[in-house]
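Taking it in order: structure first as C-alpha cells, then the write-up.
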Protein chains: 2
Amino acid sequence: MAGSVRREAETDGVDTAVRELLLLMPRMVGRVKRIPVPEALESLSLAPRHLSLLACLLFDGPLTVNDLAARLEVAPTTVSLMVGDLSGKGVLDRREDPADRRRRIVAIAPNQHEAIAAWLAPGAQAWRRVLTPLEPEQRRLFVDTLLAYEAAVAEERER
Amino acid sequence: MAGSVRREAETDGVDTAVRELLLLMPRMVGRVKRIPVPEALESLSLAPRHLSLLACLLFDGPLTVNDLAARLEVAPTTVSLMVGDLSGKGVLDRREDPADRRRRIVAIAPNQHEAIAAWLAPGAQAWRRVLTPLEPEQRRLFVDTLLAYEAAVAEERER
DNA sequence: CAAAGCAGCTTTGATGTCAAAGGTAAATGG
DNA sequence: CCATTTACCTTTGACATCAAAGCTGCTTTG
C-alpha cells in the first residue's frame, strides 16, 4: 500500500495518521465548498466560492488581480471573471491604479463591508471552536504543521 | 501587528491563528489540486482530480458510487462520470452487485493496482515529512483537531 | 524618442462539476 | 400479485475554472 513504504516501528504512528489525513482532506475541501450563504447576500448572487476571495480582501486590504490569484492559488482568469462579475453587482470596487494603468485595484465596496464581515464570521467560528480549547503552543504547532504541509506539497510539485 | 502587545492574552492567539488558517486553506486546496501525475499513468488520462477517488478505493476496498460520493463530499454525478471514464480505460473495474442489481461495485483493476499505489506514495510523502518529526501525541492532536474542524463545518451547515 | 520586450488583465474555447430529471431495480403494502 | 414508493445510478443542461491567445500600457535600449 501507499503508506507501507517504511516498516520501522518508529514510523508506525505516522502511517496511520497519513492514511487518515489522505482520506480526510478531500472531505474537508468538499465541506468548505458548501458553507451556506446568508440570505442578505444571496440576492447579490454571492456563492461559497467567493468566500476566500472576499476573505483576502477583508484581511489584507485592496489587491490587484494577479495578487489575488497568487494568494488563492487560482488562475488570474478566474479572479478576473469573478471580479468583473462582483463589481458589476456593486459588491466590489474595481478601478485602475493611477500609478500604473495596466493594474486594477480591487477592493470591497464600502457599503458591503459589514455584510461580508458577517458572512465570514461563521466560517471563522468553526476554527475558533476548535482552537480555543488548545494551549497556545498547541495552536502554534497546529498552524505550523499545516503551513509545513503546504510547503511540502509545493516542493513535491517541482520534480 | 502580529507581534504587538496582547490585550486579551487568552483570545488573541486564537484570532491570529484563525486568520492565518482562513487565508491558508484556499491556498492549500489549490496546491493539492496540482500534484503532478506520473508519466506512467498520464497515458491513461489520469489527472490529479482522480487521486482522492483512487485513494478511497485503495484504502477501503471496492465501494459503490454513492459510497464514494459521500466519502469524497462530491455529487454522485461526478463519481459516476469519472468511474465511467476510468473503467472504459481499464483503470477501474465496474460491475453490477449480484445481490442488488441497482448497485455498481467499483474497484481498482488488479493490474493497475501497483501503479496507482506508486502514484499515491509521493502525495503521502508530503504528510509523512511533516508528521515524522512530531511526538506521537502531537500527531494525534493534529489529526484530531482537523477532524474536529471538519465536524464543526458540517454543523455550521445546518443552520 | 521609436522599437522591442515585458507586465497585467481580459477574452476565448475546452474541460470539470453539479443539480435536476430520467431510467431501472428492489422494497413495501394493500 | 400488482401498484406505489424508495434507492441507486446515469443523462442532461448550466455554470465554474483554466490554458492559451489577445490587448493595452509600462519599461528598456539603442
Side-chain angles (χ1 to χ4, degrees), chain A residues 26-27 29-37 42 44-54 57 62-89 91-107 157, chain B residues 26-27 29-37 42 44-54 57 62-89 91-107 157:
Chain A
R27 282 208 314 274
V29 172
R31 291 254 161 92
V32 169
K33 278 200 300 192
R34 282 175 188 74
I35 289 175
V37 184
E42 206 161 299
L44 297 168
S45 70
L46 282 176
R49 71 204 174 83
H50 298 123
L51 211 160
S52 52
L53 184 145
L54 295 171
L57 290 173
L63 293 167
T64 66
V65 173
N66 276 341
D67 260 357
L68 281 166
R71 284 170 202 246
L72 301 172
E73 281 285 324
V74 105
T77 310
T78 307
V79 174
S80 179
L81 290 170
M82 280 199 303
V83 170
D85 194 25
L86 295 184
S87 71
K89 280 166 179 135
V91 179
L92 295 182
D93 189 21
R94 170 171 60 175
R95 58 185 54 170
E96 268 186 355
D97 182 348
D100 180 345
R101 303 207 320 275
R102 291 170 301 182
R103 297 189 173 191
R104 305 297 144 92
I105 308 284
V106 180
R157 212 158 86 189
Chain B
R27 283 208 315 275
V29 172
R31 290 255 161 93
V32 169
K33 278 201 300 193
R34 282 175 188 75
I35 290 177
V37 184
E42 207 162 298
L44 297 168
S45 70
L46 283 176
R49 71 203 172 84
H50 299 120
L51 213 161
S52 53
L53 184 145
L54 295 171
L57 290 173
L63 293 167
T64 67
V65 173
N66 277 340
D67 259 358
L68 280 166
R71 284 169 202 248
L72 301 172
E73 282 286 325
V74 104
T77 310
T78 307
V79 174
S80 180
L81 289 170
M82 282 200 300
V83 169
D85 196 24
L86 295 184
S87 71
K89 277 162 181 140
V91 178
L92 294 182
D93 188 21
R94 169 169 61 175
R95 60 186 54 174
E96 267 186 358
D97 182 348
D100 180 345
R101 302 207 323 273
R102 291 172 302 184
R103 297 188 172 190
R104 302 299 142 90
I105 307 286
V106 180
R157 212 158 85 190

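Naming: A, B, ... by sequence-line order, numbering from 1 per chain.
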Ignoring hydrogens and angles, write down the donor-acceptor pairs under 3.5 Å from the side chains of residues 76-87 of chain B, residues two or more places apart or on other chains.
residue, atom, partner, partner atom, Å
B:D85, OD1, B:K89, NZ, 3.3
B:S87, OG, B:V83, O, 3.0
B:S87, OG, B:G84, O, 3.4

Just how far, in rounded Å, is P of D:dC9 from CZ of B:R95? 16 Å

Please state how far atom CG in A:L53 lies from atom C1' in D:dT17, giving the value in whole angstrom units. 14 Å

Between the CG atom in B:N66 and the CZ atom in B:R102, the distance rounded to the nearest 0.5 Å is 10.5 Å

B:M82 CE to D:dT11 C1': how many Å, rounded? 17 Å

Reported CG-to-CD1 distance for the pair A:L92 and A:I105, which is rounded to 0.5 angstrom: 13.0 Å

Any side-chain N or O of B:R103 below 4.0 angstrom from OP1/OP2 of D:dA7? no

On DNA chain D, compare the nucleotides closest to A:D100 and A:R49; which residue's is nearer the 5' end? A:R49

At less than 4.0 Å, is any side-chain N or O atom of A:R102 found next to OP1 or OP2 of D:dC23? Yes or no. no

Contact span of DNA chain C against chain B, any nucleotide atom under 4.0 Å from a heavy atom, 5' to 3', runs C:dG16 to C:dA26

Nearest whole angstrom, please: distance from the P of D:dA19 to the CG of A:L81. 13 Å

Option from A:D67, A:L57, A:L53, A:L63 for which side chain to side chain contact (heavy atoms under 4.5 Å, CB included) with A:V106 holds: A:L57

Under 3.5 Å, side chain of A:R34 to main-chain N/O of B:E73, donor-acceptor pair present? yes

Say you draw a straight line from OG1 of A:T64 to CZ of A:R94; how long is it, rounded to the nearest 0.5 Å? 12.5 Å

The side chain of A:R101 lies closest to which of these nucleotides: D:dC18, D:dC9, D:dG25? D:dG25

Assess the residue pair A:R104 and A:E96 against the criterion (side chain to side chain contact (heavy atoms under 4.5 Å, CB included)); give the C-alpha distance rounded to whole Å, side-chain angles, the decisive distance to 0.1 Å, and a yes or no. CA-CA 5 Å; A:R104 305 297 144 92; A:E96 268 186 355; 3.9 Å; yes

Side-chain N or O of B:R104 less than 4.0 angstrom from OP1 or OP2 on D:dC9? no

B:N66 vs D:dC9: side-chain N/O to OP1/OP2 distance below 4.0 Å: yes

Distance below 4.0 Å between A:T77 side-chain N/O and D:dC18 OP1 or OP2: no

For A:V79, which contact category applies under a 4.0 Å heavy-atom criterion: base, sugar-phosphate, or nothing? nothing

